[in-house]
Amino acid sequence: MKRKEIDELLNRVSNLIGEQRLGEALNALNQLEKAEKLPEVKILRIQLESILRYQNLDIYANTNLFMDPWLE
C-alpha cells in the first residue's frame with residue numbers, strides 16, 4: 001500500500017472518530033493494521049479500544065471501579 005493510500009485511510013478514520021462513529025473507525029483501523037504493520041495504527045487502535053471500553057462502562061453499576069486488588 002502506498003503512503004498516499006494510507007494517509008487517505010487515516011483521514012477517513014479521523015473523520016469517523018470526529019463523527020463519533022467509533023465502531024466503524026475501529027473496523028477501518030483493524031483492516032488497515034492487517035494490510036500494513038505501522039506503529040501509529042496499532043497505537044491508535046489500542047487507544048480507540050480503550051475509549052470504547054470506558055464509554056460502555058456503567059460507573060453507577062460498579063462503585064469499586066476495578067480498584068480491589070483481589071479482583072485482578
Distance-only check: which donor-acceptor pairs under 3.5 Å involve side-chain atoms of residues 10-18, not counting sequence neighbours?
| unit_1 | atom_1 | unit_2 | atom_2 | d |
| --- | --- | --- | --- | --- |
| N15 | ND2 | N11 | O | 3.4 |

Query raised in the report: Same cluster or not: are I46 and L9 linked, directly or through other Ile, Leu, Val, Met, Phe, Trp or Tyr residues, by side-chain heavy atoms under 4.5 angstrom apart?
Result: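 The answer is no; the residues belong to distinct hydrophobic clusters.
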**Report entry** Partners passing side chain to side chain contact (heavy atoms under 4.5 Å, CB included) against R3 (at least two apart in sequence or in another chain)
**Finding:**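 Side chain to side chain contact (heavy atoms under 4.5 Å, CB included) list for R3, sorted by chain: I6, D7, L38, E40.
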Query raised in the report: When rounded to the nearest 0.5 angstrom, what distance separates CG in L29 from CG in L44?
Result: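 So the gap between those two atoms works out to 4.5 Å.
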Query raised in the report: Which pairs, with at least one residue in residues 17-30 and sequence neighbours excluded, count as a side-chain hydrogen bond (donor to acceptor under 3.5 Å, both in side chains)?
Result: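 Residue pairs passing side-chain hydrogen bond (donor to acceptor under 3.5 Å, both in side chains), neighbours aside: E19-R21, R21-E24.
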Query raised in the report: With a 4.5 Å heavy-atom cut-off, do Q47 and I43 have their side chains touching?
Result: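 Yes, at least one pair of side-chain atoms sits under 4.5 Å.
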**Report entry** salt bridge (Lys or Arg N to Asp or Glu O under 4.0 Å) contacts touching residues 26-35 (sequence neighbours left out)
**Finding:**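 Matches after skipping sequence neighbours: E33-R45.
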